[in-house]
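Throughout, protein chains are lettered first and strands after them, A, B, ... in sequence-line order, and every chain is numbered starting at 1. Since we're looking at a predicted model, the values are computed, not measured.
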Amino acid sequence: MSQLNSRQRQAVQYVDGPLLVLAGAGSGKTSVITRKIAYLIEDCGIKARYIAAVTFTNKAAREMKERVSQLVSGSSARGLTVSTFHNLGLNIIRRECGELGFRPGFSIFDDQDSKTLIKDLLFKEFSEASDDVNLLQARFSEWKNGLVTPEKAIRQAITQDDLLSARLYQQYNQHLRAYNAVDFDDLIMLPVLLFREQPQILQKWRDKIRYLLVDEYQDTNLSQYELVRQLVAERQALTVVGDDDQSIYAWRGARPENLAQLQKDFPDLKVVKLEQNYRSTARILKAANHLIANNPHVFEKSLWSDFGLGEEIRLIQVRNEETEAERIAAEILDHRLQKRVNYRDCAVLYRGNHQSRLLEMKLQAYQVPYQLSGGVSFFARNEIKDAMAYLRLLANPDDDAAFLRVVNIPRREIGPATLESLSQFAEQNRVSLFAAIHLESLDEALRDRSVNNLREFAHLILHTLQRCEEQEAPEALKLLFTAIEYEDWLLQNCASPQQAERRMGNVWLLLEQLERMLEYGPAEENALSLQEAIAKLILRDILEQQNEEENEDKVHLLTLHASKGLEFPHVFMMGLEEDLLPHRNSIENDQIEEERRLMYVGITRARTSLAMTYCKERKQFGEKIESTPSRFLDELPDEDVIWEKIGQENPERNRAKGKATLDALFKDLAEDS
DNA sequence: TCCTTTCGTATTTTT
DNA sequence: TACGAAAGGA
């Protein structure tokens, strides 16, 4: 407790009512949550199993768990719930799945699955061109996040188009049910609806969760907020931590107004502001404050720090995107060689993922090691999707999406024609594709050859399932992937044998992780069932740690969104131009404030040095376009920035520019090592 | 069924 | 420009 400042201490010790902690960037909010959990357990005598902390990412949850266990003695943290919203929802659904009309082993559809389903429905039900799939998916998601059921959506429909979407939404949900599946948004919405209808079930969960803490509260959407409200009840033992200035997920349904709403819903709400920043120089904070003052605020807050004024922020104009990448690469090399800065202490932030491409090329050219976050994730890989589909099919044979993905992988001569007939047949008999295979009347509906192929596939799955029950499941799974000769299939479909080998390795890695979960469970506590482990995999709860090679000395490349919650001594922000940051679509949709927050997040990542680049011209969709510097640059305090424009450069600063100086730097580097 | 070509479209993406 | 998806041909 002695390590906390008075405000932080106040937030930790206030346990008698609802509390909102307005925690500015770098003000030690994670410390407050973890220490509060420890305080609740050790000083207030609340059993850990009655406390739940909710976060948005698995990473945050893991980190929090770890920090709590360092603070409390031995076993007293046992039973503590620290999980993501989605994981909490999943647990509720799993316990109450009978009430909700789902069978154990239900699948969780990811983004891609639901997209495919919507595409299918569009085609089948309305024989419509499949152009608006993304739009529909976003609309369904909005509805679910706003707790709008299909019936309500149909009632509320105004235009013909609304009605069509709403009907499709209903179909979509019905199909999910038929597949014994839920989607990501259901993980929150279904518990809320259940709690509304069955107060006795809600009471059960209220008895379990007696103290609730919510991290990154500004990112909650309506359904998540409702879930929080339901669980908290009249006891009002609630602590939420958030920063309205760091709300950058409105486009995903997050509602920063929830912070203000809290005051209305909990009249006794106590508000504690954390404004002391333990991360950045005074100048960086001043710039951040100055910028964000252009946004309206419900709660005024102003960050300050004990650290010195620090260096000015450099605003660097470059000719085009090529020189921009070159300049940043050179700056980083300069940092490394002149100031002995580690690569890992540098980060480059940008608005869109594509902006990293050129930079990567330049960094490679200069042999600067880098780490790209938020690129193609492990789970986006085809081989992992295949393996996951097999696993899902084993857990839930009615999962048609999983069935369709792997029924012909590897080749089993089951093509679109066969599947179309099977699908029609299944629809007539109101069963899943997998179940349809076992109906005797299938023989009349399909060609013998097709039926045989399908039955052979079904047998493979059932046989594996049987082996999973009889012997060790991990063994049975390994046998499955050997039996289908998956490696051969990869070999046929990969550019090189090495690539195939790597992909096969990924599959084995997945299975090994699964094996560990089945044997020891997460945190070595309790073994999971196959179904639980698969659910955790789909929610990315396990197996993401691989990417965290944090100790390697590499420059970090990430989007502004991905940078939230992180900090770096030296930060570069690139593409500070109108139409990029703020992004064109955001300008058109009147979402400048969110873009400004994005900029704010970027600035507050920096500890000691901060530089921003913007181009004079930039190639966009193949043609050269003149760029305008971002309006946000003008919102920074004049006295704290240095403008470096083309043609009037400061010679001192130009050491790292140009090929000649770079060659000299390389020589240095060679001598260095 | 698989490979090629062509066409259309361009944010951010916690789960 | 650059990528992924859909369509068309072998």
Side-chain angles (χ1 to χ4, degrees), chain A residues 54-62 83-90 108-116 119 123 129-131 133-134 137-138 141 144-145 182-189 215-216 218-221 223-224 246-254 321 349-358 373-377 379-380 408-419 492-493 535-542 544 558-565 575 579-589 591 594-595 597-599 601-602 618-625:
Chain A
V54 186
T55 64
F56 279 83
T57 65
N58 293 310
K59 196 175 160 196
R62 265 200 303 273
S83 79
T84 61
F85 265 106
H86 293 266
N87 225 324
L88 177 66
L90 173 64
I108 302 166
F109 270 33
D110 67 16
D111 249 31
Q112 189 58 54
D113 296 320
S114 60
K115 192 171 284 181
T116 314
K119 213 182 285 177
F123 191 73
S130 57
D131 49 347
V133 175
N134 288 314
Q137 192 180 29
S141 183
K144 289 194 178 187
N145 288 330
V182 299
D183 65 18
F184 280 145
D185 300 318
D186 283 338
L187 291 175
I188 316 292
M189 185 187 187
D215 191 19
E216 303 280 17
Q218 74 283 352
D219 291 338
T220 49
N221 60 37
S223 61
Q224 287 160 341
Q246 291 188 69
S247 162
I248 53 175
Y249 284 102
W251 50 275
R252 259 206 141 162
E321 69 276 5
L349 312 181
Y350 36 81
R351 177 68 231 255
N353 269 315
H354 64 277
Q355 288 176 270
S356 71
R357 263 175 242 276
L358 258 179
S373 310
V376 195
S377 99
F379 289 89
N408 203 31
I409 289 181
R411 303 261 108 85
R412 294 188 182 94
E413 296 183 296
I414 302 172
T418 306
L419 289 175
Q492 284 165 30
N493 288 282
K536 281 203 174 294
L537 279 172
I538 294 174
L539 291 182
R540 322 277 133 104
D541 195 7
I542 44 183
E544 287 246 296
L558 30 119
T559 62
L560 287 163
H561 283 92
S563 75
K564 194 169 76 157
D579 288 354
L580 221 57
L581 181 66
H583 195 274
R584 181 191 266 121
N585 297 351
S586 298
I587 297 173
E588 282 166 11
N589 296 311
Q591 288 161 339
E594 173 132 331
E595 297 289 295
R597 290 193 287 266
L598 209 43
M599 172 99 174
V601 166
R618 175 182 295 274
K619 235 186 231 169
Q620 251 177 343
F621 312 138
E623 62 180 330
K624 271 185 187 165
I625 304 239

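Checking the phosphate oxygens (OP1, OP2) of B/dT15, no side-chain nitrogen or oxygen of A/K144 falls inside 4.0 Å. Taking only side-chain nitrogens and oxygens, A/T559 comes nearer than 4.0 Å to OP1 or OP2 of B/dT13. For the pair A/N58 and B/dT15, the criterion of a side-chain N or O lying under 4.0 Å from OP1 or OP2 is met.
Listed by chain and number, the residues in a side chain to side chain contact (heavy atoms under 4.5 Å, CB included) with A/E588 are A/R584, A/N585 (sequence neighbours excluded). With sequence neighbours excluded, the residues forming a ring-ring contact (aromatic ring centres under 6.0 Å, His included) with A/H561 are A/Y249, A/W251, listed by chain and number.
For the side-chain contact (heavy atoms from CB on, under 4.5 Å) with A/H583, the lone residue among A/R351, A/E594, A/Q591 that qualifies is A/R351. Tested against A/H86 for a side-chain contact (heavy atoms from CB on, under 4.5 Å), the candidates A/I538, A/V54, A/I108, A/I188 yield a single pass: A/I188.
Remark: ring of A/W251 not stacked against base of B/dT11; the cut-offs of centroid gap under 5.5 Å and plane tilt under 30° are not jointly satisfied. Here A/H561 does not count as stacked on B/dT12, because the ring centres are not under 5.5 angstrom apart with planes under 30°.
Going from atom CD of A/Q112 over to atom P of C/dG4 covers 12 Å, rounded to whole Å. Taking atom CG of A/L581 as the reference point, atom C1' of B/dT11 lies 11 Å away to the nearest angstrom. Going from atom CD of A/E321 over to atom P of C/dT1 covers 12 Å, rounded to whole Å. Note: CG (A/N353) to P (C/dA2) measures 16 Å, nearest angstrom. B/dT11 atom P lies 15 Å from atom CD1 of A/I587, rounded to whole Å. Separating the CD atom of A/E594 from the P atom of B/dT11 is a distance of 16 Å, rounded to the nearest angstrom. In this structure, A/L560 places its CG atom 14 Å from P of B/dT14, rounding to the nearest Å. Atom P of nucleotide B/dT13 and atom CD of A/E216 are separated by 16 Å, given to the nearest angstrom.
Note on A/S586: a base of the nucleic acid sits closer than 4.0 angstrom, heavy atoms only. In this structure, A/I414 reaches the sugar-phosphate backbone alone: every heavy-atom distance under 4.0 Å involves primed, P, OP1 or OP2 atoms, never a base. Within the nucleic acid shown, A/Y249 comes within 4.0 Å of at least one base atom, counting heavy atoms only. Residue-level contact check: A/D219 touches the bases, meaning some heavy atom is under 4.0 Å from a base atom. Among the heavy atoms of the strands lying under 4.0 Å from A/N408 are primed sugar atoms or P, OP1, OP2 only; no base atom is included. At a threshold of 4.0 angstrom between heavy atoms, the contacts of A/Q620 with the nucleic acid are absent.
Comparing A/E595 and A/H86, the nucleotide of DNA chain B nearest to each residue sits closer to the 5' end for A/E595.
In the interface, the side chain of A/R252 is paired with the base of B/dT15 through a donor and an acceptor atom under 3.5 Å apart.
Here, C/dA5 and B/dT12 have their P atoms 15 Å apart, quoted to the whole Å.
Taking every side-chain heavy atom of A/D111 into account, B/dT15 is the closest of B/dT14, B/dT11, B/dT15.
In B/dT11 the base sits syn relative to the sugar, since the glycosidic angle is no further than 90° from 0.
Between A/R618 and A/D579, no side-chain nitrogen of the basic residue sits less than 4.0 Å from a carboxylate oxygen of the acidic one, so the salt-bridge criterion is not met.
Rounded to the nearest 0.5 Å, atoms CG (A/D215) and OG1 (A/T84) are 12.0 Å apart.
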